[in-house]
Protein chains: 2
Amino acid sequence: MNIYDIAKLSGVSIATVSRVVNGSPRVSEKTKQKVLAVMKENDYTPNVFARGLGLDSMKTVGIICPNIADSYMAKAVAYLESSLHSYGYDCILGCSGFGQEEKQNYVNMLLSKRIDTLVLVGSTYAGNGKDEYDTDYIREAAKKTPVFMINGRVRGDNIYCACADDYQATYEVTKSMIRRGRERILFMYDSDSFSGRQKMKGYEAALADAGYPIRGELKFRTKNDIEYTKNLLLEYSRTLEFDGVLATEDAMAIGAVKYAKVKAISVPEELSISGYNDSIMAISSEPELTSVDSKLNVLCKTTVDHMISLLEKQEEIEKNVVVPCEIVKRCTTDF
Amino acid sequence: MNIYDIAKLSGVSIATVSRVVNGSPRVSEKTKQKVLAVMKENDYTPNVFARGLGLDSMKTVGIICPNIADSYMAKAVAYLESSLHSYGYDCILGCSGFGQEEKQNYVNMLLSKRIDTLVLVGSTYAGNGKDEYDTDYIREAAKKTPVFMINGRVRGDNIYCACADDYQATYEVTKSMIRRGRERILFMYDSDSFSGRQKMKGYEAALADAGYPIRGELKFRTKNDIEYTKNLLLEYSRTLEFDGVLATEDAMAIGAVKYAKVKAISVPEELSISGYNDSIMAISSEPELTSVDSKLNVLCKTTVDHMISLLEKQEEIEKNVVVPCEIVKRCTTDF
DNA sequence: CTGAAAGCGCTAACAC
DNA sequence: GTGTTAGCGCTTTCAG
């Protein structure tokens, strides 16, 4: 059942059917109703390929994240999908993992699908900060379609970034721990991503402002994994002393809680622990964790709004948006 | 840059270029290399729309789930995407929510995108069991494209289902609690979905087999939410007595843990609690929860394998696959 | 092994 | 208001 069939059955030309389908005003009410009736009767759906061929657009946005099973990414994709859907856009999803080559492959693949725009979710796409070349593929992509980054910053034409103010967040959590008398705060991180670097800077700044030394051994590199973190802490516990833990992911913070449990260290009395992203883990834990809400919903909403302005109204939009985080205080840092 | 440009630059016809692109063997090695070189040089990508128009397929599968922010769905989508990607398929993702009308809309929308097949993730798409009409839209969709259900059962041509054996899982957890001397086991659930019904039947069967009565007041309807469940339990705690909790979602089980904490009931000594889906919550909690691993990865893997058999080899495939669950025992039921 | 040409279903410019 | 027609870029017979 195609446009020709509908035209024949309605006794009009395909042009008229096309007009009806696209809601053109230049059709008489009568013919319009007639065509609509025939369409409904025959359960007609326009062929998106044919349409796409002509318009070179399919109202589709490509979303790439490293791993949708991660609750942060999942939340982001949930927001993006639902709000894009309300604007009539579909989402093609790609989970690229963290490898440089895979990321590039995914970007190229989605680009070849003639997506209207590309969204990259997660700090990992912003490179490790050492090498500008790491992000060349994004600039390359941006020549073909606008690129939107969620929580990553990459410079270049046609690239738009929305980031949480991770610097400020870790600055404040650290300061708050210091205010409560913590002197050796462990900073737990797992990558050199853009946001990872911001978080570390915030931590360092707060220490510096308080006149505390920045100790290399308190920068604790681990994985975003409960068990791994717990075991690593246990392993280092003979030599490493700390009375506060600033985790850059909730799972690491939970690892610290589990560690404390094994060592019979009371949280938060003897050890303050704060998490990040305010995930379900933070409230599943006992005690419940203070955690940074990185305002992902705001980031995503802003991104989609900007995207629509750009795509449909050709408006100028901000290149870099920064959204403040909210520190959700539970018992583990304040007591 | 289209096929004509490449043809011209290579000094061949578009047919030859097309053959090269599609890996046809009827091209001389020499021309093939020539064309390949020109393609690479000009960074040529075939237009998917034009190709789709002719072939009426875009190697794309539609995935619908109620909410990708839910960790169970997210995990499923992660598995599906990665394994479909390895077969060269892309994923269009839709998050439909739980409303009947939204579900139908999403299905129709994806169908109109000429997806090669549709995957429905989650028990909610199997209806509430009362009304066959609820699932008519799925049978309707199946007339146009094969439909695969993850953890839901719907009868009909061209519909293929893969389910976890939830009945057996709750049967065994219940039995295990009974064996440990629990006499009043609270069954917590939140919906009349297909899997919800299976779970309840397993619970009832285990009670019956042990010669215990099935008490209506121990079938506790709540929401898949920690705080809500905790508060509901507190509210009913004056009248409701129980020494075991069989939750059909991890969040409910965590709610029970939080409730026990408020009431100073020791877990698992005084109260056994088991969760479901073996999510990150189960191990974030203190104590860590026994939980049912519903083998989502196996479900998804099987589904994709079958899908490929059907789509690419036209093979007959099983209509209903049932995968046994694994009960991951932690301290909360065994002690 | 290669080329010419007929669609695939739709949109939009152009006539009437 | 409505119809005619020329593409959009590719695949696929059918000839050679």
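Bounding nucleotides for the chain A contact on DNA chain C, 5' to 3', at a heavy-atom distance below 4.0 Å, are C:dG9 to C:dA13.
Following rounding to the nearest Å, A:Asp56 (CG) and D:dC10 (C1') show an atom-to-atom distance of 14 Å. Distance CG (B:Leu53) to P (D:dG9): 12 Å, rounded to an integer number of Å. Across the protein-nucleic acid pair, A:Arg19 atom CZ and D:dG1 atom P stand 11 Å apart, rounded to whole Å. A:Met58 places its CE atom 16 Å from the P atom of D:dG9, with the value rounded to the nearest Å. One interatomic measurement links the two molecules: CD1 of A:Ile14 to C1' of D:dG1, which rounds to 16 Å at whole-angstrom precision. Atom-to-atom, CD1 of B:Ile6 to C1' of D:dC10 comes out at 13 Å; the value is rounded to the nearest Å. Taking atom CZ on B:Phe49 and atom C1' on D:dG7, their separation rounds to 16 Å, with Å as the unit.
Note on the helix from C:dC1-D:dG16 to C:dC16-D:dG1: terminal axis deviation equals 30°, with five pairs used at each end and the result rounded to 10°.
Counting atom types as modelled, A:Arg114 pairs no side-chain N or O with a base atom of D:dG9 as donor and acceptor under 3.5 Å.
B:Val21 comes within 4.0 angstrom of nothing in the nucleic acid, heavy atoms only. Using a 4.0 Å heavy-atom cutoff across all strands shown, B:Val17 reaches no nucleic acid atom at all.
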Would you tabulate the side-chain donor-acceptor contacts of residues 59-70 of chain A under 3.5 Å, counting partners in other chains and residues two or more places apart, or write 'none'?
{"residue": "A:Lys59", "atom": "NZ", "partner": "A:Glu312", "partner atom": "OE2", "Å": "3.3"}
{"residue": "A:Thr60", "atom": "OG1", "partner": "A:Met58", "partner atom": "O", "Å": "3.0"}
{"residue": "A:Asn67", "atom": "OD1", "partner": "A:Ala69", "partner atom": "N", "Å": "2.9"}
{"residue": "A:Asp70", "atom": "OD1", "partner": "A:Tyr72", "partner atom": "N", "Å": "2.8"}
{"residue": "A:Asp70", "atom": "OD1", "partner": "A:Met73", "partner atom": "N", "Å": "3.3"}

Result block: side-chain N/O donor-acceptor pairs under 3.5 angstrom for residues 76-83 of chain A, not counting sequence neighbours:
{"residue": "A:Glu81", "atom": "OE1", "partner": "B:Tyr106", "partner atom": "OH", "Å": "3.2"}
{"residue": "A:Glu81", "atom": "OE2", "partner": "B:Cys95", "partner atom": "N", "Å": "3.4"}
{"residue": "A:Glu81", "atom": "OE2", "partner": "B:Tyr106", "partner atom": "OH", "Å": "2.7"}

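The list of salt bridge (charged side-chain N to carboxylate O under 4.0 Å, His left out) pairs with a residue in residues 112-124 of chain B, not counting sequence neighbours, reads A:Asp90-B:Lys113, B:Asp56-B:Arg114. Within the structure, ring-ring contact (aromatic ring centres under 6.0 Å, His included) pairs that include any residue of residues 22-48 of chain B do not occur (at least two apart or interchain). Among residue pairs with one or both ends in residues 135-155 of chain B, those qualifying as ring-ring contact (aromatic ring centres under 6.0 Å, His included) are B:Phe148-B:Tyr160; sequence neighbours excluded.
Residues B:Asn151 and B:Leu299 meet the side-chain proximity criterion, which asks for heavy atoms closer than 4.5 Å. A 4.5 Å side-chain heavy-atom check between B:Met109 and A:His85 finds at least one atom pair inside the cut-off. No side-chain heavy atom of B:Val17 sits under 4.5 Å from any side-chain heavy atom of B:Ser13.
Closest to the B:Leu55 side chain, of the nucleotides D:dC10, D:dT12, D:dG3, is D:dT12.
For B:Ser309, there are no side-chain hydrogen bond (donor to acceptor under 3.5 Å, both in side chains) partners, not counting sequence neighbours. Applying the side-chain hydrogen bond (donor to acceptor under 3.5 Å, both in side chains) criterion to A:Arg139, with sequence neighbours excluded, gives A:Thr135, A:Asp136. For the side-chain hydrogen bond (donor to acceptor under 3.5 Å, both in side chains) test, residues two or more places apart in sequence or in another chain that qualify with B:Ser96 are B:Tyr125. The side-chain hydrogen bond (donor to acceptor under 3.5 Å, both in side chains) test applied to A:Ser24 returns no partner, not counting sequence neighbours.
Where B:Gly11 and A:Gly54 meet DNA chain C, the nucleotide closest to each residue was compared, and B:Gly11 sits on the side nearer the 5' end.
Between B:Asn2 and D:dG9 there is a side-chain polar atom (N or O) within less than 4.0 angstrom of OP1 or OP2. The side chain of A:Tyr4 places no N or O atom within less than 4.0 Å of a non-bridging phosphate oxygen (OP1 or OP2) of D:dT4.
Residues from residues 22-35 of chain B that place a heavy atom under 4.0 Å from any atom of DNA chain C, listed by number: B:Arg26, B:Val27, B:Ser28, B:Thr31.
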